[in-house]
Peer 1: 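I am attaching a structure below and will ask some questions about it afterwards.
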Amino acid sequence: MNLVEENKEKRKNASLTIAEWFGFFLLPINMSLRYISKRDFNDDQENRFATYGFDKKMKQAGIARLLGILFYIVAMIILFAKF
């Protein structure tokens, strides 16, 4: 196996860093304001993952987004249940 093939395998099996994971968890949906650029960080990252073959990172990003959405739903339920 040559160096290029080894690097491709490493990319496929690389995990999300903690900073990347929290980025997807804390901002799970695309929220763009009128005055801010329409590009979203999470979309840019997912496009990069797809382009360069980061398969494991794509799966983990989807899981982090799902957990982030669930977190905000549970937080809203808890906050509104008190009122």
Side-chain angles (χ1 to χ4, degrees):
M1 190 181 295
N2 63 15
L3 188 60
V4 174
E5 291 174 356
E6 287 179 23
N7 286 337
K8 283 183 182 181
E9 282 300 314
K10 285 181 185 177
R11 275 197 299 258
K12 282 186 177 183
N13 298 322
S15 295
L16 282 176
T17 64
I18 292 184
E20 290 172 332
W21 196 90
F22 275 116
F24 286 106
F25 179 78
L26 294 176
L27 299 170
I29 57 173
N30 301 333
M31 297 179 358
S32 59
L33 301 173
R34 274 178 27 191
Y35 304 109
I36 299 176
S37 172
K38 295 290 184 189
R39 295 179 60 191
D40 183 47
F41 174 75
N42 289 342
D43 285 341
D44 288 344
Q45 287 290 51
E46 286 182 340
N47 289 337
R48 186 177 66 87
F49 295 161
T51 302
Y52 293 108
F54 296 129
D55 297 333
K56 188 173 181 180
K57 284 188 176 191
M58 286 181 59
K59 290 177 187 174
Q60 289 177 341
I63 292 169
R65 277 187 165 190
L66 178 65
L67 291 175
I69 291 169
L70 291 175
F71 169 76
Y72 284 113
I73 290 172
V74 169
M76 291 295 176
I77 290 171
I78 290 171
L79 284 174
F80 291 125
K82 300 251 179 191
F83 296 110

Peer 1: Taking I29 as the starting point, is it possible to reach F24 by hopping between hydrophobic residues whose side chains are less than 4.5 Å apart?
Peer 2: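 Cluster IDs for F24 and I29 differ.
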Peer 1: With salt bridge (Lys or Arg N to Asp or Glu O under 4.0 Å) as the rule and sequence neighbours excluded, what pairs involving residues 4-24 come up?
Peer 2: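 Sorted result for residues 4-24: E20-R48, E20-K57.
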Peer 1: If you look only at pairs with a residue in residues 67-80, which of them pass as a salt bridge (Lys or Arg N to Asp or Glu O under 4.0 Å), with sequence neighbours excluded?
Peer 2: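 Output for this query is empty, none listed.
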Peer 1: Is the number of heavy atoms from other residues, nucleotides or ligands within 6.0 Å of CD1 (I18) greater than 12?
Peer 2: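 No, the 6.0 Å shell around CD1 holds no more than 12 heavy atoms from other groups.
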Peer 1: Check residues 62-71 and write down every donor-acceptor pair under 3.5 Å in which the side-chain atom is one partner and the other belongs to a residue at least two apart or another chain.
Peer 2:
{"unit_1": "R65", "atom_1": "NE", "unit_2": "P28", "atom_2": "O", "d": "3.4"}
{"unit_1": "R65", "atom_1": "NH2", "unit_2": "N30", "atom_2": "OD1", "d": "3.4"}

Peer 1: Kindly compute the distance separating CG (L26) from OH (Y72), expressed to the nearest 0.5 Å.
Peer 2: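 Answer rounded to 0.5 Å: 5.0 Å.
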Peer 1: Flag yes if F22 and M58 sit in one hydrophobic cluster, no otherwise; membership is Ile, Leu, Val, Met, Phe, Trp, Tyr, and two members link when side-chain heavy atoms are under 4.5 Å apart.
Peer 2: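 Yes: a chain of side-chain contacts under 4.5 Å links F22 to M58.
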Peer 1: When rounded to the nearest 0.5 angstrom, what is the spacing between CG in N42 and CZ in F49?
Peer 2: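 Rounded to the nearest 0.5 Å, the CG-CZ separation comes to 9.0 Å.
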Peer 1: Angle between ring planes, Y52 versus F54, binned at 30° and 60°: parallel, tilted or perpendicular?
Peer 2: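 Rings of Y52 and F54: tilted, as their planes differ by 30° to 60°.
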